[in-house]
Amino acid sequence: MKHKSAGGKLWGGRFTESTDAFVESFTASVEFDQRLYRYDIQGSCAHARMLCKVGVISAAERDAILGGLDQIEQAIERGEFEWSVSLEDVHMNIEARLTAMIGDAGKKLHTGRSRNDQVATDLRLYLRDQIDAACRELLRLQEGLLTVAEREFDTLLPGFTHLQVAMPVTFGHHMLAWFENLQRDRQRLLECRARVNVMPLGAAALAGTSFPIDRHYTAELLGFDRPAENSLDAVSDRDFVIEFCACAALLLTHLSRFSEELILWASTQFDFVDLPDRFCTGSSIMPQKKNPDVPELVRGKSGRVIGNLVGLLTLMKGQPLAYNKDNQEDKEPLFDTVDTLLGCLRAFADMIPAIRVKADNMRLAAATGYSTATDLADYLVRKGVPFRDAHEIVGAAVRLGIDSKRELSELSLTELQALSGNIEQDVFRVLTPEGSVSSRNHFGGTAPQQVEAAVERARKRLGN
Ligand code: ARG
């Protein structure tokens with residue numbers, strides 16, 4: 001006897017009235033989860049092969065399923081697949097089409113499986129690919145930073161603390177600071193990938209299945225490191241989504257800070273760098289404007305990604321085991337985070353090597369603001385003056401400079417000697433920004449020689 005379900009739903013057997021029209025669209029996810037179709041099909045193919053291997057379906061049924069899914073994938077890729085909201089999500093749209101195409105064999109595909117383990121599997125396959133894509137873009141950006149660091153290994157600019165001139169640094173050293181941030185971000189993504197790459201399939205709805213499934217075989221087919229240990233955990237937790245979004249939020253926080261520097265540096269007041277025209281836009285009213293839109297947008301978009309992270313944590317925190325429909329809400333923030341992250345990385349990877357550095361302006365800024373005051377204090381210490389006394393003496397020299405509108409290097413030897421008898425002619429060498437940076441010549445320091453060595457080490461570390 002043919003059983004006809006209420007409203008034609010795949011799950012309609014126990015229902016007597018069809019779904020409210022609004023509820024149907026309210027509960028549907030197909031509009032956004034259709035983006036998982038390739039992974040859904042990949043997972044279904046592996047599941048079908050496994051069902052055949054353990055004798056639950058025949059080889060003919062398996063082949064019909066594989067052939068049908070292949071045709072469906074092609075139809076989707078050609079834009080010829082009609083998605084139906086009444087079929088709720090990507091999983092049931094594909095399964096219904098498969099059955100329409102190949103008949104009863106299609107109805108057997110869902111044996112020993114549930115949408116709960118299916119969706120968690122799809123998401124993990126999807127995210128694994130996206131992490132790989134993000135790491136590729138990140139690598140490209142890091143390589144760009146190394147190119148700039150190498151080129152500008154001895155270019156001077158002021159280093160800041162509290163956004164006040166602190167000490168001269170080299171531009172190469174500054175670029176390498178961002179390289180280090182991003183290196184940790186890439187390691188974090190790779191560590192996250194290892195936890196993503198675990199297979200939920202076989203957990204079924206929550207408790208596993210009564211069929212003699214071979215989860216290790218399915219995991220191997222899908223390139224997962226292993227099947228998840230616990231079925232309840234496998235279908236219910238989205239910590240891997242949250243972890244990825246945390247990695248993305250941190251990465252974009254770094255790019256946001258970097259953006260802020262580029263925006264400052266490109267301003268008329270700083271005038272340290274020129275961003276290529278192709279990364280900027282103009283104003284519709286002020287003809288002189290060239291706005292640093294790309295860094296501004298990256299700074300802005302980081303806020304959305306941080307919001308997605310907080311949203312996902314909040315989504316998860318009240319859920320009892322095992323699967324709850326709440327989890328359908330994980331997809332849009334995840335997809336948005338992936339798109340935003342990939343976009344920002346691409347923009348930065350393209351832009352960074354194309355930045356033009358205004359070395360003269362930066363050199364001038366590095367030589368002003370008493371940036372070498374600490375060098376003078378260190379000089380006095382080397383002449384035997386205790387550091388606290390040296391600090392006091394240099395403070396007086398700075399005061400003299402401020403009062404007479406001169407830099408330390410513009411004070412005369414006689415004026416300096418009036419402050420400390422230990423000062424000699426050789427003092428002027430330490431008062432230049434070049435002297436200052438080249439004296440910071442130790443592992444991790446800003447001296448040009450150190451920058452060259454650090455770039456070389458960084459190239460080797462890119463492989464890890
Ligand atoms: N669309 C659902 C999701 O994204 C798929 C799993 C639905 N499972 C269920 N038992 N209703 O989470």
Side-chain angles (χ1 to χ4, degrees), residues 5-15 18-20 22-44 47 69 72 76 81 83-99 107 109-130 196 198-209 228 231-242 244-245 308 311-339:
S5 307
K9 301 289 187 208
L10 295 186
W11 39 253
R14 61 102 71 215
F15 287 75
S18 38
T19 320
D20 178 273
F22 170 70
V23 170
E24 191 167 85
S25 70
F26 184 72
T27 53
S29 54
V30 65
E31 276 184 20
F32 48 85
D33 69 14
Q34 57 180 265
R35 105 147 64 179
L36 296 172
Y37 76 87
R38 193 176 299 143
Y39 306 101
D40 195 67
I41 288 172
Q42 203 184 334
S44 289
H47 184 64
L69 288 172
I72 290 173
I76 296 172
F81 190 90
W83 299 99
S84 155
V85 171
S86 70
L87 286 166
E88 201 175 316
D89 55 26
V90 60
H91 324 293
M92 290 196 291
N93 266 269
I94 291 175
E95 192 191 321
R97 175 63 60 88
L98 180 68
T99 299
K107 292 188 196 162
L109 173 61
H110 213 52
T111 313
R113 181 177 84 167
S114 152
R115 276 184 296 151
N116 296 352
D117 58 342
Q118 190 178 354
V119 70
T121 302
D122 292 5
L123 267 186
R124 285 174 182 268
L125 289 171
Y126 160 81
L127 191 49
R128 188 175 74 184
D129 265 8
Q130 305 311 313
V196 167
V198 174
M199 188 191 74
L201 213 57
L206 76 165
T209 172
S231 66
L232 292 167
D233 173 50
V235 291
S236 61
D237 208 347
R238 295 292 181 266
D239 60 351
F240 64 99
V241 171
I242 296 173
F244 168 77
C245 288
N308 289 340
L312 285 163
L313 286 164
T314 315
L315 170 70
M316 202 75 239
K317 71 182 273 299
Q319 291 190 48
L321 295 181
Y323 175 85
N324 302 281
K325 184 79 167 181
D326 312 41
N327 284 334
Q328 184 162 290
E329 288 290 307
D330 63 0
K331 285 166 206 65
E332 287 160 294
L334 173 62
F335 296 160
D336 183 57
T337 300
V338 165
D339 293 344

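If you're wondering where the values come from, they're calculated on a predicted model, not measured in any experiment. Every number for a ligand or one of its atoms is a count from 1 in the order of the listing.
With ligand atoms numbered from 1 in the order given, ligand 1 contributes 1 (N), 2 (C), 5 (C) to contacts under 4.0 Å with heavy atoms of D89. Listed by number with element, the atoms of ligand 1 under 4.0 angstrom from any heavy atom of S29 are 1 (N).
Considering backbone and side-chain atoms together, Q328 places an N or O closer than 3.5 Å to an N or O of ligand 1.
The closest non-hydrogen atom to atom 8 (N) of ligand 1, taken over N116, D122, L206, comes from N116. Nearest-residue assignment for atom 4 (O) of ligand 1 (options R115, Q118, M92, K331; heavy-atom criterion): K331.
Counting protein heavy atoms only, atom 6 (C) of ligand 1 is closest to Y323 OH, 3.5 Å.
Salt-bridge formation is detected for the pair D339/R35: a Lys NZ or Arg NE/NH1/NH2 atom is positioned less than 4.0 Å from an Asp or Glu carboxylate oxygen. With salt bridges taken as basic N to acidic carboxylate O contacts below 4.0 Å, none links R115 and E95. Between E24 and K9 a salt bridge is recorded (basic side-chain N to carboxylate O distance below 4.0 Å).
Of the heavy atoms in E88, none comes closer than 4.0 Å to ligand 1.
Between the side chains of Q319 and N327, at least one donor-acceptor pair of N or O atoms lies under 3.5 Å.
Atom CD of E329 sits in a sparse spot, with 12 or fewer heavy atoms from other residues, nucleotides or ligands closer than 6.0 Å.
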| message | Between F244 and V338, does the side chain to side chain contact (heavy atoms under 4.5 Å, CB included) criterion hold? Intermediate values first, please. | response | CA-CA 9 Å; F244 168 77; V338 165; 3.7 Å; yes
